[in-house]
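Computed from heavy atoms alone, side chains included, the values below leave out hydrogens, waters and symmetry copies. As the structure lists them, so they are numbered: ligands from 1, and atoms in each ligand from 1.
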Amino acid sequence: MASRLSSSTVDTQISASSEPFEIPKITKFKIGLCQLTVTSNKNDNVAHAQKLIKAAAKQGASLVMLPETWNCPYSTDYFEEFAEDFDDKDGSLSFAMLSEVALGNGITIIGGSMPERRKNQLHNTCCVFGPDGNLKAKHSKMHLFDINLPGDISFKESDTFTAGDQPTIVDTDVGRIGIGICHDLRFPELAMLYQARGAHLICYPGAFNMSTGELLWELEQRARQSSKIVATSGHEETIVIAEVDYSKIRQLREALPLEKQRRGDVYRLVDVHQQKPWKYKNFDTYECVEGWLV
Ligand SMILES: NC(=O)CCC(=O)C(=O)O
């Protein structure tokens with residue numbers, strides 16, 4: 001298995017990525033989204049996900065993404081049992097597979113999410129690996145899915161998981177990527193934060209429910225990224241391959257320069273942690289981030 005960084009090293013890398021916006025070296029690449037069936041057998045899930053990631057890489061994807069809790073049924077009955085300590089070299093089967101397959105295929109992987117055991121707490125965590133097999137970033141779901149619709153759906157993710165409290169933005173070979181997990185999509189402030197930090201992509205691995213999720217997953221994804229749908233699928237197990245072309249996005253942004261039109265003199269993101277404000281390239285008055293819309 002490739003060498004990997006400990007969680008604490010990765011946290012440092014995340015905060016170090018609040019650098020000024022830069023155009024990525026690469027302008028076009030293929031992304032592969034693996035939608036898969038999850039069973040209550042972890043070994044099977046890991047082997048299956050590995051097969052799909054390899055197939056996506058074979059179809060030319062240099063960035064491959066898995067869904068939320070791809071190695072474990074999305075149920076509070078399983079999270080504890082399936083959780084891995086990512087720093088435990090012998091006890092993190094899923095983590096090790098992602099590292100190996102990223103290295104073996106020379107791709108960047110956004111590893112959906114996995115139940116993570118960390119300091120006596122459980123988190124719903126996405127790991128991002130580079131083509132060298134190293135862990136580049138970890139995002140723990142910040143908005144846990146608690147819902148009570150009597151007669152329809154009742155679920156309390158927060159019974160088991162502890163919410164992450166850090167936005168995650170990571171510089172990869174295919175650009176700067178902001179990470180959210182499923183329910184994180186509902187909170188536009190997180191996406192605005194990523195946008196203000198110069199994210200080229202925002203990726204949201206998900207496992208939406210069919211009662212409330214279906215109404216929003218496509219609509220909100222479009223709203224967060226202001227883009228049209230270039231590829232999609234039904235509910236079946238599949239690999240969606242699509243081309244990301246940054247030059248088209250750049251053209252659109254030049255034609256419709258929202259960054260310049262935004263009224264930072266009227267509203268802005270504020271720094272709730274009192275950290276040094278980070279100025280967005282195109283704004284005089286728009287200082288951000290690590291904060292919420294006021
Ligand atoms: N896994 C989730 O976070 C589910 C979110 C969801 O379905 C929603 O409606 O929000």
Side-chain angles (χ1 to χ4, degrees), residues 33-40 42 45-46 48-49 52 65-84 94 98 109-118 121-128 137-168 177-194 201-225 229 232-238 240 292-293:
L33 308 175
C34 302
Q35 176 161 284
L36 45 82
T37 307
V38 175
T39 71
S40 55
K42 199 210 264 193
N45 295 335
V46 171
H48 190 46
L52 293 191
M65 185 162 98
L66 294 176
E68 182 181 27
T69 65
W70 57 270
N71 66 344
C72 167
Y74 185 70
S75 157
T76 48
D77 295 342
Y78 291 91
F79 295 149
E80 166 91 56
E81 182 195 336
F82 278 60
E84 297 181 9
S94 317
L98 293 178
I109 294 183
I110 298 176
S113 80
M114 306 176 274
E116 178 193 14
R117 182 172 296 105
R118 194 189 328 147
Q121 288 182 335
L122 296 182
H123 297 271
N124 186 348
T125 300
C126 173
C127 294
V128 180
K138 283 202 311 184
H139 176 80
S140 292
K141 189 173 184 177
M142 295 176 65
H143 307 89
L144 298 178
F145 185 55
D146 290 355
I147 185 167
N148 185 19
L149 274 178
D152 188 347
I153 171 175
S154 184
F155 184 75
K156 208 162 175 220
E157 196 174 12
S158 66
D159 274 346
T160 320
F161 285 133
T162 301
D165 55 9
Q166 285 214 22
T168 304
I177 303 179
I179 307 284
I181 299 174
C182 205
H183 197 50
D184 283 341
L185 175 65
R186 281 193 185 256
F187 301 87
E189 294 89 343
L190 185 62
M192 291 171 72
L193 189 78
Y194 291 155
L201 295 177
I202 306 179
C203 293
Y204 295 95
F208 282 98
N209 83 87
M210 298 302 291
S211 297
T212 58
E214 199 167 22
L215 293 172
L216 75 96
W217 64 57
E218 189 177 289
L219 183 66
E220 293 210 354
Q221 185 84 6
R222 287 172 61 198
R224 298 293 163 264
Q225 314 215 33
I229 293 174
T232 189
S233 77
H235 298 178
E236 73 285 358
E237 187 163 284
T238 187
V240 176
W292 311 105
L293 189 66

field: Whether His143 and Phe187 hold their rings parallel, tilted or perpendicular, with breakpoints at 30° and 60°
entry: parallel
- prompt: Is ligand 1 under 4.0 Å from a heavy atom in the side chain of Phe145, in the backbone, in both, or in neither?
  reply: side chain
query: Short list, please: which atoms of ligand 1 are under 4.0 Å from a heavy atom of Arg186?
result: 8 (C), 9 (O), 10 (O)
message: Checking Asp159 against Thr76: is there a side-chain donor and acceptor pair closer than 3.5 Å?
response: no
task: Pull out every atom of ligand 1 sitting under 4.0 Å from any heavy atom of Gly213, numbered as shown with elements.
output: 7 (O), 9 (O)
message: Can you check which of Glu68, Lys141, His143 brings a heavy atom nearest to atom 3 (O) of ligand 1?
response: Lys141
statement: Note: ligand 1 atoms sitting under 4.0 Å from heavy atoms of Tyr74 are 1 (N), 2 (C), 3 (O)
field: Per-atom contacts of ligand 1 with Cys182, taking only distances under 4.0 Å to non-hydrogen atoms
entry: 1 (N), 2 (C), 3 (O), 4 (C), 5 (C)
query: To which protein heavy atom is atom 7 (O) of ligand 1 closest, and what is the distance rounded to 0.1 Å?
result: Asn209 ND2, 2.6 Å
task: Heavy-atom distances under 4.0 Å are what count here, so tell me which part of Ile147 touches ligand 1: side chain, backbone, both or neither.
output: neither
Side chain proximity check, Trp70 to Leu98, heavy atoms < 4.5 angstrom: yes
- prompt: To the nearest 0.1 Å, how far is atom 9 (O) of ligand 1 from its closest protein heavy atom, and which atom is that?
  reply: Thr212 OG1, 2.6 Å
task: Taking only heavy atoms of Leu216 into account, list the atoms of ligand 1 that are under 4.0 Å away from them.
output: 9 (O)
query: Out of curiosity, is Trp217 lining ligand 1, as in a heavy atom under 4.0 Å away?
result: no
- prompt: Does a donor on one side chain sit under 3.5 Å from an acceptor on the other, for Ser140 and Thr125?
  reply: yes
- prompt: What is the ring orientation for Trp217 with His235, classed by angle as parallel under 30°, tilted 30 to 60°, or perpendicular over 60°?
  reply: perpendicular
- request: Kindly indicate whether the side chain of Arg224, heavy atoms from C-beta on, has any atom under 4.5 Å from the side chain of Tyr204.
  value: yes
- request: Output yes when a side-chain donor or acceptor of Tyr194 lies under 3.5 Å from a complementary backbone atom of Leu201, and no otherwise.
  value: no
- prompt: Taking distance alone, with no angle check, do Glu157 and ligand 1 share an N/O pair under 3.5 Å?
  reply: no
- line: With Thr162 as partner, the option from His123, Arg118, Glu116 fulfilling side chain to side chain contact (heavy atoms under 4.5 Å, CB included) is His123
